[in-house]
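Here the structure comes first, spelled out in structure tokens, and everything after it is commentary.
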Protein chains: 2
Amino acid sequence: MKQAKKKAFRDFITQKGLKSTRQRDVILDCFLASARHISIEELYLKLRAKNPNIGYATVYRTLKLFAESGIAREIQFGDGQTRYEHATEGEHHDHLVCTRCGKIIEFENETIEKLQEEVAKSHGFLIENHKLELYGVCSLCKK
Amino acid sequence: MKQAKKKAFRDFITQKGLKSTRQRDVILDCFLASARHISIEELYLKLRAKNPNIGYATVYRTLKLFAESGIAREIQFGDGQTRYEHATEGEHHDHLVCTRCGKIIEFENETIEKLQEEVAKSHGFLIENHKLELYGVCSLCKK
DNA sequence: GTTGCTTTTGAAAATCACTTTCATTTATTG
DNA sequence: CAATAAATGAAAGTGATTTTCAAAAGCAAC
């Protein structure tokens, strides 16, 4: 599955006439080896540990490419930081976000999705994408 | 209902030992007379029309107070601008956001809320608040 | 209403998360 | 290997929001 994403990104690069560079490889490896929802800052710091002179801008640019290529997805939890999650083809999930420790749990719920479609339809709306986040306290922080 | 909010804010001010100022009155009036989802920029410009020397910072600070007092709620639709909506005690609504014209439609759906609770419970999560936004094309923009 | 103390205000500077610029370096292609 | 086009890193630039700070305005007790 990591291989599949690497291939997907390589294909994207070739198809767009872009270049395959050492930085892009390094960033991709680091991204794929990271938690499912990583902020740019976090990824940048992780990268700097091994690659002391990789540029901030390069990380930003590369993550945008990941999103474009479909292997990552931008998400924002309202804390002012953009995060990137590993995107899996055609899949979408929603999030439970712990406001205490920052833990993020993913979930999917068919019924909710269906109801969303109904709501949209009743307003003549065509849904392109959606965002559902439940903010609260996770089981560990509740204690 | 506007009176209720004015009172609620006055009460908040007193209870917190803050001061009632001309600016806060003006901003509150302007906010209450505005569309349900107004950006800070929009509100600021509206205010400047009548109060040429009100400060940007004051508007920001005051809107934060509104949110704290419960008469307004911060929302972000991912366009990089914070908006404030009129908050009604204990009520929460979700949004349909047209990605073409920016129109925002509010909706509420009991069943979705109930399902959210179930999802949360199954993860031992305690929901404090949530955010559901459906992005897409509104009926007018579809044509 | 005047005094004294605290909060608020506005303007400008600072911050924060990105984005752009640009000279230099690096891939790819002939 | 040269030519060319894209990518990189450092630094400057953005845009939204915050902070700073001196001056102004509320509020309470005289």
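First the proteins, then the strands, lettered A, B, ... as listed; each starts at 1.
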Do the side chains of A:R100 and B:E128 get close enough for a salt bridge, i.e. N-O under 4.0 angstrom? yes
When you measure from the side chain of A:R22, which nucleotide among C:dA27, C:dA11, D:dA10 comes out closest? C:dA27
Quick check: A:F66 with A:Y84 (ring centres under 6.0 Å apart)? no
Touch class at under 4.0 angstrom, heavy-atom based, for B:R24 against every strand present: sugar-phosphate
Report the distance from atom OH of B:Y56 to atom P of D:dG15, rounded to the nearest whole Å. 12 Å
Donor-acceptor pair under 3.5 Å: do we get one between A:K19's side chain and the base of D:dA5? yes
Rounded to the nearest Å, what distance is computed from the CD atom of residue B:Q76 to the P atom of nucleotide C:dA17? 14 Å
Can you find a side chain N or O atom of B:Q23 that sits less than 4.0 Å from OP1 or OP2 on D:dA24? no
Just checking A:K16: base, sugar-phosphate only, or nothing, at a heavy-atom cut-off of under 4.0 Å? nothing
Using only side-chain N and O atoms of B:T82, determine if any of them is under 4.0 Å from OP1 or OP2 of D:dT17. yes
Answer yes or no: is there an ion pair linking B:E85 with B:R36, defined by an N-O contact shorter than 4.0 Å? no
Going by an N to O cut-off under 4.0 Å, is there a salt bridge joining A:D29 and A:K6? yes
Given atom CG of A:N53 and atom C1' of C:dT24, what is their separation to the nearest angstrom? 14 Å
Expressed in angstrom and rounded to an integer, what is the separation of A:L18 atom CG from C:dT28 atom C1'? 12 Å
What is the distance, rounded to the nearest whole Å, between atom CG of A:D25 and atom P of C:dA27? 10 Å
Of the listed nucleotides (C:dC18, D:dT17, C:dT28), which one gets closest to any side-chain atom of B:Y60? D:dT17
Just the rounded figure in Å: distance from P of D:dA10 to CZ of A:R61. 11 Å
How many Å lie between CD on B:Q81 and P on D:dG15, as a whole number? 12 Å
Please determine if a side-chain N or O atom of B:K64 lies less than 4.0 Å away from the OP1 or OP2 oxygen of D:dT18. yes
According to a strict under-4.0 Å criterion, is A:T21 in side-chain N/O contact with OP1 or OP2 of C:dA27? no
Using whole Å, what does the distance between atom P of nucleotide C:dC18 and atom CG of A:L63 come to? 10 Å
Within the 3.5 Å criterion, strictly below it, is a donor on B:E113 or B:H130 matched to an acceptor on the partner's side chain? yes
